[in-house]
Visitor: 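Submitted below is the structure of interest, expressed as structure tokens.
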2 protein chains.
Amino acid sequence: MNTHNTPQQKESRDSRAVTSIDVAKAAGVSQSAVSRTFTPGTAVSETTRLKVLEAAKKLGYRPNAIARTLSTSRSRIIGVVLSTLDNQFYPTAIESLSRSLQEHGLHVMLFMADGRDVDSALSQLLTYQLDGVVVASATLSSRIARECKALGISVVMFNRSAAGTQCSSVTSNNFEGGKLAARYLLDTGCKRIAYIAGRSDSSTNRDREAGVTLALAERGSQLVGREEGNYERRAAAAAAQTLMAQRIRPDAIIVASDFMAFAVIDYLRQKLSITVPEEVSIVSFDDVPAADWESYALTTVAQSVAALVNSTVSIILEQLNDREMVARDVIVSSQLVVRRTTRPLPAGSNA
Amino acid sequence: MNTHNTPQQKESRDSRAVTSIDVAKAAGVSQSAVSRTFTPGTAVSETTRLKVLEAAKKLGYRPNAIARTLSTSRSRIIGVVLSTLDNQFYPTAIESLSRSLQEHGLHVMLFMADGRDVDSALSQLLTYQLDGVVVASATLSSRIARECKALGISVVMFNRSAAGTQCSSVTSNNFEGGKLAARYLLDTGCKRIAYIAGRSDSSTNRDREAGVTLALAERGSQLVGREEGNYERRAAAAAAQTLMAQRIRPDAIIVASDFMAFAVIDYLRQKLSITVPEEVSIVSFDDVPAADWESYALTTVAQSVAALVNSTVSIILEQLNDREMVARDVIVSSQLVVRRTTRPLPAGSNA
DNA sequence: CTACTAATTGCATACGTATGCTACAGTTCT
DNA sequence: AGAACTGTAGCATACGTATGCAATTAGTAG
């Protein structure tokens, strides 16, 4: 430690950081005055404020966020727990979330929770005095929720439901989204619809699948096939292969994420020379940027990243002001974006 | 502040965090002993250590990283400055970087530096007592470098050169990469090669372009066209349009990033019905995951994310142990990955 | 069993900021 | 003019941990 500093060090090349005390000295006021100048909503006279600001500028002072955290117990740091950034949905969301939080003076700290070091990741997470945690990873959700709750850290489940936890959650209306997808395929004349699932332990997948199933049932139909895609490219391609080898060959596949849909389309077109949408229609979920790339032009149930992020930030800000705020579940509406992996609606149809 | 806490609060529902003092009390040792138990490389007897660990476990104690930072002046936080995550190269890198740092007990804090709030972002960045900054954003590089340097924060420029700054940098050998791309096109019989550039203020683009130009010159050739793609999809498509409308129509285009190449290919194939690679060959840079997707199967000059990240982490760790370490520039070798946006080499060729 | 060395431990303080409380100066009102 | 306020400033302390130093204990050798 710096106990018993040699006085010389003060003047050495190693420019010690400027502290509020230095500024106070330079401005001829107390350290409290400096602190108050940089703390919105506190009482300082205009005179003092100006003296302080001038001295601060001259010395190049910047408040020390860490010290502030120790004193206030608010770090202004939000932990974001992720498992992978493969699926572009997540980078897009992170970018937006980070930007939005930044505007409120909050910052994102990343925790990758995929590998086997989950325990250490979690324990490291709890070490920083986070003001909130956004969980966007499949694994660990419930455990993180529990431990954070115990420490009074507010948790928002992002793009997954918070069933069984005491946490807030922000999701799209995946159930309705599933219905939209299925109905649109039926409307365009598809008769044999199959489903490629994401991880079956993900609430998002469950809801999407449930919506699909229900909409089909409503029209007296049902899935002609279902395979696990696990939100992975390889598994999705394998699922497509299996489905197309079935006795009853699907004429449409609903895929639980765009990311998997790209793999499915690649597989159908390049390996099986099957045309999309003529022979097989594809609808998926998310509407990631690449869904709009001309090579895919994916018909997909869009999640509004902006809406999801806005809700997430709102919850975080509220929790920041009211630690005891009750958990909230926000459901953002989904919307079908029709592109070119589905056949056109029959003329005169207005479903 | 918590000065003059009411004693009751101690027992209230609001479970105060467990501190090293609580643990010390429970274990019947001093707070120092607790601290030392959790600080590797300090002297504690096995007896004490066990007593402390037991008490800590019982109370659910976790060291407070913030307090530790205040005391040691090391936050174990690495700032990462980004402008956008559109180009998948960056999410891939961030994921890998974050994982790798995490294994060393370091954590990534994100700073988006694209918008107009650049000043506030930078000033917020300097507020946390970062142990290092990784700059992966085009804008601001030099300014960040300067200010961090002044505060003694070590900076690594990621995927960009550090010319003119006193910072370390980690880049691929873009110059050689450019040569590889150009030579391969020449070897496969392309005669009219054009270039779509990234932001012209990016060192990466400059080096790639320089390599291309030089390799062409070496074979007595030169670019038949050059347009700005600005690392953006739209601009890249526009560039492709312009190039293909030229009097001398290119039979190959080198694109400064995969991300732009996807847009170029989409444009050529879907809008102009030009076949790739038959009519126009495409080579780009990065080898992002999507380059391997069958719809594109991009021939590209790969950047080894693993190597870039390893070097970055090494530098950071070194700086952590030796604040005065001299800046270092690491250049990772590039490698051409041949897929299907280029024509085959002529039989018998072994270039 | 004593003298001396090595290994631990605890004390006290520092890290930089925020804030409750008291003191004081300046206003306004009767 | 005196009283009752209002608004600021400064003092002192707390946040939770790390560590230099002195004191104590254990360990070794003679």
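On a predicted model such as this, the values are computed, not experimentally measured, just so you know. In what follows, chains carry the letters A, B, and so on, assigned in the order in which the sequence lines appear, proteins first and then strands, with residues in each chain numbered from 1.
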Visitor: Between B/K25 (NZ) and D/dG16 (C1'), how many Å, whole number?
Guide: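 Those two atoms, NZ and C1', are 13 Å apart.
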Visitor: Going by the angle between their ring planes, with limits at 30° and 60°, are A/H107 and B/Y128 parallel, tilted or perpendicular?
Guide: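 A/H107 vs B/Y128 ring planes: perpendicular.
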Visitor: Contacts to DNA chain C from residues 26-44 of chain A, heavy-atom cutoff under 4.0 Å, which residues?
Guide: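 Residues of residues 26-44 of chain A that come under 4.0 Å of DNA chain C are, in numerical order, A/Q31, A/S32, A/S35, A/R36, A/T39.
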Visitor: Distance check needed: C/dT17 P versus A/R76 CZ, whole Å only.
Guide: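 Distance, rounded to whole Å: 16 Å.
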Visitor: Above 12 or not: heavy atoms from other molecules or residues under 6.0 Å from CD of A/Q166?
Guide: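 Count not over threshold, so no.
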Visitor: Looking at B/R99 and B/E103, is any side-chain nitrogen of the basic one under 4.0 Å from a carboxylate oxygen of the acidic one?
Guide: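 Answer for the salt bridge query: no.
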Visitor: Atom CG of A/N64 to atom C1' of D/dG16: distance rounded to whole Å?
Guide: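 Taking atom C1' of D/dG16 as the reference, CG of A/N64 is at 14 Å.
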Visitor: Determine, for A/E46 against A/K51, whether the closest basic-nitrogen to carboxylate-oxygen distance falls under 4.0 angstrom.
Guide: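 Salt bridge between A/E46 and A/K51, a charged N being under 4.0 Å from a carboxylate O: no.
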Visitor: Rounding to a whole Å, what distance do you find between A/I66:CD1 and D/dT17:P?
Guide: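 Nearest whole value for this atom pair: 14 Å.
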Visitor: Considering only side-chain heavy atoms of B/L70, which listed nucleotide, C/dG16, D/dA18, C/dA18, is closest?
Guide: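 It is C/dG16.
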Visitor: Using OP1 and OP2 only, check whether a side-chain N or O of A/T69 sits under 4.0 Å from C/dT17.
Guide: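 False: A/T69 side-chain N/O out of range (4.0 Å or more) of C/dT17 OP1/OP2.
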Visitor: Between atom OG1 of A/T92 and atom CG of A/L97, what is the distance when rounded to the nearest 0.5 Å?
Guide: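 Rounded to the nearest 0.5 Å, the OG1-CG separation comes out at 12.0 Å.
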Visitor: As a test of understanding, state which of B/S168, B/S161, B/S169 forms a side chain to side chain donor-acceptor pair (under 3.5 Å) with B/D329.
Guide: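 One option only clears the test, and that one is B/S169.
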Visitor: Counting neighbours of CD on A/E54 that are heavy atoms of other residues, nucleotides or ligands and sit closer than 6.0 Å, is the number greater than 12?
Guide: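 Result for CD/A/E54: open.
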Visitor: Give the rounded distance in Å between these two atoms: CZ of B/R68 and P of D/dC15.
Guide: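 To the nearest whole Å, that distance equals 19 Å.
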Visitor: Output the rounded distance in Å from CG (A/L50) to P (D/dT8).
Guide: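 Going from A/L50 (CG) to D/dT8 (P), I get 13 Å.
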Visitor: Respond yes when some side-chain nitrogen or oxygen of B/S20 is under 4.0 Å from OP1 or OP2 of D/dG16, and no when none is.
Guide: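 The answer is no; no side-chain N or O of B/S20 sits under 4.0 Å from OP1 or OP2.
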Visitor: Taking OP1 and OP2 of D/dG16, is either one under 4.0 Å from a side-chain nitrogen or oxygen of A/Y128?
Guide: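 A/Y128 to D/dG16 OP1/OP2: no side-chain N or O under 4.0 Å.
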Visitor: To the closest 0.5 Å, what do you measure between CG (A/L101) and OG1 (A/T312)?
Guide: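 If I round to the nearest 0.5 Å, the distance is 8.5 Å.
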Visitor: Does the side chain of B/T48 pick up a donor-acceptor pair with the side chain of B/S45 at under 3.5 Å?
Guide: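 Per modelled atom types, B/T48 and B/S45 side chains form a pair under 3.5 Å.
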Visitor: Please give, in whole Å, the distance from D/dC15 C1' to B/I21 CD1?
Guide: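 Taking atom C1' of D/dC15 as the reference, CD1 of B/I21 is at 10 Å.
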Visitor: So how far off straight is the helix from C/dC1-D/dG30 to C/dT30-D/dA1, going by the axes through five pairs at either end, to 10°?
Guide: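 Inter-axis angle at the termini of the helix from C/dC1-D/dG30 to C/dT30-D/dA1: 30°.
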Visitor: Does a side-chain N or O from A/T72 land closer than 4.0 Å to OP1 or OP2 of C/dA18, or not?
Guide: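 For C/dA18, neither OP1 nor OP2 has a side-chain N or O of A/T72 closer than 4.0 Å.
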Visitor: In whole Å, I'd like the distance from the CZ atom of A/R74 to the C1' atom of C/dA18.
Guide: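 These atoms are roughly 13 Å apart.
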